[in-house]
Student: 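Dropping a structure here in structure tokens format, bear with me for questions.
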2 protein chains.
Amino acid sequence: MSGLQQAKSEETRRKVLEAACEAIETGGLAAVNIRNIAKEAGYSIGSVYKHFKDVDELIIAVNTLTFSKMKDRMAEAFEAEDDPLDRLQALARTYYRFSRENTKLWLTLFGHRLPEDYPTPEEHVQANVDLLSFVGRALQGLHPELEGEELTVRVKTCFAAVHGIVALSYERRFVSLSDEVLERELEFAVARLVA
Amino acid sequence: MSGLQQAKSEETRRKVLEAACEAIETGGLAAVNIRNIAKEAGYSIGSVYKHFKDVDELIIAVNTLTFSKMKDRMAEAFEAEDDPLDRLQALARTYYRFSRENTKLWLTLFGHRLPEDYPTPEEHVQANVDLLSFVGRALQGLHPELEGEELTVRVKTCFAAVHGIVALSYERRFVSLSDEVLERELEFAVARLVA
DNA sequence: GTCAAATGGTGAACGACGTTCACTTTTGGA
DNA sequence: TCCAAAAGTGAACGTCGTTCACCATTTGAC
């Protein structure tokens, strides 16, 4: 494969992926429909399957993009602060705000359960590790005595706690808190957890 | 409707619901299939729809049962302790253990997103309020000065944090912790959050 | 006991979906 | 110029949720 063909192939993949992103941004996971996505991208059903072996792979690709956008935002937040505690607070706040500004994408990232026999996307595991490493570096700045396994575990706990506060704010059963209150509670939780 | 008819109707509903529970306990949300459930229950497709207007309503019924089982366990945990902090720790531990012992049901409870136009089941909102009230009563025992809105908000935060730690332990992307470590981290998080 | 209405129960049929594949069109290189 | 390889197509298949016209059983009034 060379030149023109590769370019066409990449463009098709890109357009299909874009259409899938737009579908999810608009209607969430429920709006993923190969026929619609193919039409929106300007291709036939068959072409979608030339680039993605099934819907799960397409959704995984969207989630990989979401992870990437989130990582950029988290990197910004990390760089913008010097003080370790400020960094941790900024990371939590950024995590929450990203979810607010990209709610459908964020819900898809955590709501799409792939079949049990489906292999876990290695890139997603790595993306998670990358996210945790921001928290890890900030936490170590605050607690230099924490190291190795102990640090890793504590990082996961803090991340998970923040994640839970964000996640439940989208649970319709859960009588939810206002934006301001939620950010204050997030700040409280982080302060306590890393004190 | 009277006597025999009502009894038949209730039995059918019960058998269908039981079949749905078993399907979910075995294969999770993905295993929900009206044809299979009807067959397992010993009825036809049409009969299922006489008792549940669509799959969502059937899943909601299963989730209501799950909530009820969880509430029983949380009530036990609450009663078993006197000290407020012990109570809070027991509630968190129970929440986690329930999710371990009923993983598929628990994942279905939090993984099933119903259509946006679908009304939030009032009974689920109430079930959530009931769960939070255990936490609320225990937390107030520890912090009598907390009251009203302030207490409500803090209760939600603590619950959500615990929920997040439990929830992420089922995320395959997330390199997860062992049972013992997770319970220790849960204890740490609760101790810090309510200190 | 009789009969009509109400309720329980059935499964073929419909439309939408994910997926496959035999096919046509376009391309790259010899 | 020609043909293998790759891109692109869409009809067709199986499965799913859902509907509905139909039969069977139960009920209550007479």
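Just so you know, these numbers come straight off a predicted model, no measurement behind them. In what follows, chains carry the letters A, B, and so on, assigned in the order in which the sequence lines appear, proteins first and then strands, with residues in each chain numbered from 1.
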Student: Using a cut-off of less than 4.0 Å, is there contact between a side-chain N or O of Thr12(A) and OP1 or OP2 of dA7(D)?
Tutor: no

Student: Under the ring pair (Phe, Tyr, Trp, His ring centres under 6.0 Å) definition, can you give me all pairs with a residue in residues 29-71 of chain A, not counting sequence neighbours?
Tutor: Phe67(A)-His124(A)

Student: Please enumerate all residues that pass side chain to side chain contact (heavy atoms under 4.5 Å, CB included) together with Glu79(B), with sequence neighbours excluded.
Tutor: none

Student: Are Arg113(A) and Tyr118(A) in a cation-pi contact, defined as NZ or CZ under 6.0 Å from the six-membered ring centre and within 45° of the axis?
Tutor: no

Student: Provide the full list of side chain to side chain donor-acceptor pair (under 3.5 Å) pairs with a residue in residues 177-186 of chain A, sequence neighbours left out, each pair given once.
Tutor: Tyr96(A)-Asp179(A), Arg97(A)-Glu183(A), Arg100(A)-Asp179(A), Glu185(A)-Arg154(B), Glu185(A)-Thr157(B)

Student: Using a 4.0 Å heavy-atom cut-off, write out nucleotides 9-19 of chain D from 5' to 3' as B (base contacted by protein), S (sugar-phosphate only) or - (no contact).
Tutor: BB-B---BBBB

Student: Find the distance Arg14(B):CZ to dG8(C):P and express it as a whole number of Å.
Tutor: 16 Å

Student: Tell me: NZ of Lys39(A) to P of dC17(C), nearest whole Å?
Tutor: 10 Å

Student: Taking ring pair (Phe, Tyr, Trp, His ring centres under 6.0 Å) as the definition, give me every residue that meets it alongside Tyr170(A), ordered by chain and number, with sequence neighbours left out.
Tutor: Trp106(A)

Student: From CD of Glu10(A) over to P of dA7(D), roughly how many Å is that when rounded to an integer?
Tutor: 11 Å

Student: Mind jotting down which residue pairs meet the side chain to side chain donor-acceptor pair (under 3.5 Å) criterion with at least one end in residues 126-148 of chain B? Sequence neighbours excluded, please.
Tutor: Lys71(B)-Asp130(B), Gln126(B)-Asp130(B), His143(B)-Glu145(B)

